[in-house]
Amino acid sequence: MARHTWSRYPRRTFYLFVGPWVVGFLLLTAAPLLYAFGISLTNFDGSSPRWNWVGLRNYTELLGDQDAWAALVRTIVFTAIVVPLSVVGALGLAVLLNRRLKAVGLWRTVFYLPSVVPIVATAIMWKLILNRDAGILNAILSVTGLDRITWLVDPMAFYALILLCLWGVGGGMIIMLAALQGVPTELEEAARMDGAGPWRVFRHVTVPMISPVIYFQVITGVIATFQIIVQPLLLAETNSMVTLGQVPQGTHLYMVQVWEQFFLSNRFGYGSAMLWVLFLITLAFTLLLMRSSRSWVHYEVDSDADR
Amino acid sequence: MQTVRSHAVHTSRTRLVGSRPALRRRRRSAGATYIILLALAVVFAGPFFWLLLAALKTRGEWVAVPTKILPAEPQWSNFTHAFTDINFPAYAMNSLFLATTYAVLITLSSAVVGFGFARLQAPGKRVMFLVLLSTMMLPQVLTILPTYVLFSRIGLVNTYWPWVLWGLAASPFLVFLFRQFFAAIPRELEDAAIIDGCGWGRIFVRIFLPLSRPVLVTAFLLSFTWNWGDYIAPALLLDADHTTLSVAITAWYQDPHGNPLPTVQAAAAALYVLPVMLIFLFAQRYFIRGVVGSGVKG
């Protein structure tokens with residue numbers, strides 16, 4: 001056997017090491033997505049072996065589907081409310097904790113903990129709080145003389161869902177806190193010496209310094225919020241897979257609509273078309289934000305992240 | 001009077017330009033900070049306490065108007081019911097088995113892939129890393145529905161094989177975490193091993209893996225809690241016999257007439273979050289390391 005010349009990096013080694021991810025990505029991410037595209041060109045109903053190619057008919061139907069459009073608009077509005085609130089909230093909490101405080105670890109734990117609580121438990125907790133007759137929130141309201149509110153149906157369900165999402169703001173707070181601690185104190189000090197007040201230092205020194213992190217939070221926040229499905233399903237008054245179709249209008253977001261196309265109407269083809277539209281919207285949005293980021297995200301010249 | 005002293009230290013810089021009123025203003029703003037923090041803490045911690053109180057009430061106390069804050073006598077029997085009304089231990093075992101298997105596999109596979117991206121070279125690496133980063137953005141929800149259709153066709157529904165496959169496939173998020181860690185290790189370490197004739201496999205197992213223990217712990221804890229909390233995959237892929245706690249506790253606590261039992265469900269939910277909370281309270285720094293390691297580099 002002829003010996004190869006020695007190389008520090010035999011090509012095969014790299015491919016062997018990253019192989020698990022490559023194969024996994026192709027089989028478990030790319031394949032299902034392409035499969036969904038295939039289904040979206042059919043009238044497959046999920047169980048019967050008979051189905052036909054319908055071409056792009058699912059997509060053209062989607063263009064005129066009032067309910068789907070309404071769900072999409074609702075999702076956009078929901079995202080436009082939740083993401084700014086949670087990013088600003090996370091930053092606000094981080095600023096509060098980024099000071100000399102007593103028991104800073106305790107405060108941090110209290111704010112951070114909700115974000116690691118499993119979604120099912122979160123939904124159960126908030127249903128107990130928002131319960132019309134027995135919930136603590138209405139109990140507090142009735143003490144102050146206000147009427148009891150039915151939180152989990154229209155029109156309040158929309159706001160209840162926002163509340164539930166904001167409760168998990170601590171995950172973002174931790175990231176913001178780390179970013180704030182990475183801002184060199186000399187910069188803020190110098191601005192203060194030049195006579196800048198606390199707000200101006202924050203606005204013109206701190207925020208630009210951590211803008212990559214804020215940007216990352218906005219992108220991941222928008223993408224995650226766009227795909228929300230479990231929270232509305234679990235918050236709905238009766239919550240099992242069988243009692244679909246009972247999600248209130250206000251929390252009937254895009255993915256809930258997709259879910260119902262699959263499991264209520266058995267329209268797997270149409271539902272898959274909706275999934276693909278969502279995928280394309282997400283993709284387009286991410287590219288758009290990446291482009292616009294250059295104008296408002298400040299990166300330091302040194303980029304050792306690539307080394 | 002530790003506050004006063006620490007604030008004195010803190011303000012010594014500002015006192016160069018500021019004056020006594022400035023100092024007083026600072027102290028007052030510190031007081032305001034604690035009031036705000038306390039109010040926020042009530043909102044953030046409130047749901048936990050309300051859950052626990054609900055779990056300790058009788059059904060009558062739960063629906064009583066005006067609302068009773070405390071139960072007359074703690075109803076520990078709600079917890080017994082939570083355990084026996086449905087087969088709680090079996091579902092807990094399913095959750096534990098699934099989460100452990102998944103977490104062990106995905107931690108190891110992500111370490112392997114992360115090592116490849118951090119220390120090895122080959123054509124196509126850059127492009128592959130870009131693809132990896134962009135799939136970090138792709139949420140599971142988008143692929144889970146077609147995955148469900150696909151898996152039910154090839155007979156993977158009602159088995160735990162999907163979690164084994166997902167575990168073996170590494171998670172882009174954890175790969176990134178490992179890559180950042182491995183990339184920071186000095187090159188001399190591997191040079192010595194290469195001169196001794198070590199292959200990359202042994203370099204990884206003998207040198208890099210032992211060094212990465214904190215990241216291994218972080219990855220394991222993160223993936224364990226993700227899986228313990230996952231609802232949508234078990235709800236779709238597993239039937240009533242195979243499913244996990246997260247599905248079992250959502251809708252199955254009912255009296256014979258089909259009415260929900262909120263107090264028993266609350267007890268079950270408390271038992272269900274307990275492991276996550278314990279892990280979190282004892283290993284918070286690992287969580288922080290994981291979340292921060294992913295988020296800071298945009």
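Order of the sequence lines sets the chain letters (A, B, ...), proteins ahead of strands, with each chain counted from 1.
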So which atom in [X] and which in [Y] form the shortest heavy-atom distance, rounded to 0.1 Å?
| X | Y | value |
| --- | --- | --- |
| G24(A) | A169(B) | CA-CB, 3.5 Å |
| F14(A) | M128(B) | CE2-SD, 4.0 Å |
| T67(B) | G135(A) | OG1-O, 4.3 Å |
| I36(B) | L96(A) | CG2-CD1, 3.9 Å |
| P172(B) | W21(A) | CG-NE1, 4.3 Å |
| F111(A) | L37(B) | CE1-CD2, 3.6 Å |

With a 4.5 angstrom heavy-atom cut-off, which part of [X] approaches chain B: side chain, backbone, both or neither?
| X | value |
| --- | --- |
| L177(A) | neither |
| R99(A) | side chain |
| T13(A) | both |
| T109(A) | both |
| L93(A) | side chain |
| F279(A) | both |
| N138(A) | neither |
| W126(A) | side chain |
| V143(A) | neither |
| S272(A) | neither |
| Y15(A) | side chain |
| L275(A) | both |
| L128(A) | both |
| R148(A) | side chain |

Under 4.5 Å from a heavy atom of chain A, the part of [X] involved:
| X | value |
| --- | --- |
| P123(B) | both |
| L245(B) | neither |
| Y272(B) | side chain |
| V175(B) | neither |
| K125(B) | both |
| V276(B) | side chain |
| L222(B) | neither |
| A54(B) | side chain |
| L51(B) | both |
| T225(B) | neither |
| I144(B) | neither |
| L40(B) | both |
| W226(B) | neither |
| Y148(B) | side chain |

Assess R153(B) against F44(A): is NZ or CZ under 6.0 Å from the centre of the six-membered ring, and within 45 degrees of the ring's axis? yes

Inter-chain contacts: residues 112-119 of chain A against chain B, heavy atoms under 4.5 Å: Y112(A), L113(A), P114(A), V116(A), V117(A), P118(A), I119(A)

Please rank V230(A), I136(A), L16(A) by heavy-atom pairs under 4.5 Å with chain B and give me the top one. I136(A)

Scored by heavy-atom pairs under 4.5 Å with chain B, the best of D133(A), I129(A), I223(A), I228(A) is I129(A)

Can you classify the ring geometry of F17(A) versus F204(B) as parallel (below 30°), tilted (30 to 60°) or perpendicular (above 60°)? perpendicular

Y34(B) and W107(A) aromatic ring geometry - parallel, tilted or perpendicular at 30°/60° bounds: tilted

Scored by heavy-atom pairs under 4.5 Å with chain A, the best of S246(B), A269(B), P260(B) is S246(B)

Roughly how far, to the nearest 0.5 Å, is [atom2] of [Y] from [atom1] of [X]?
| X | Y | atom1 | atom2 | result |
| --- | --- | --- | --- | --- |
| Q261(A) | L145(B) | CD | CG | 11.5 Å |
| I288(B) | R108(A) | CD1 | CZ | 4.0 Å |
| T143(B) | L33(A) | OG1 | CG | 6.5 Å |
| Q140(B) | T29(A) | CD | OG1 | 10.0 Å |

Return yes if some donor-acceptor pair links the side-chain N/O of W50(B) with the main-chain N/O of M125(A) below 3.5 Å, else return no. no

Would the distance check show the side chain of W167(A) and the main-chain N or O of F44(B) forming a donor-acceptor pair, the cut-off being under 3.5 Å? yes

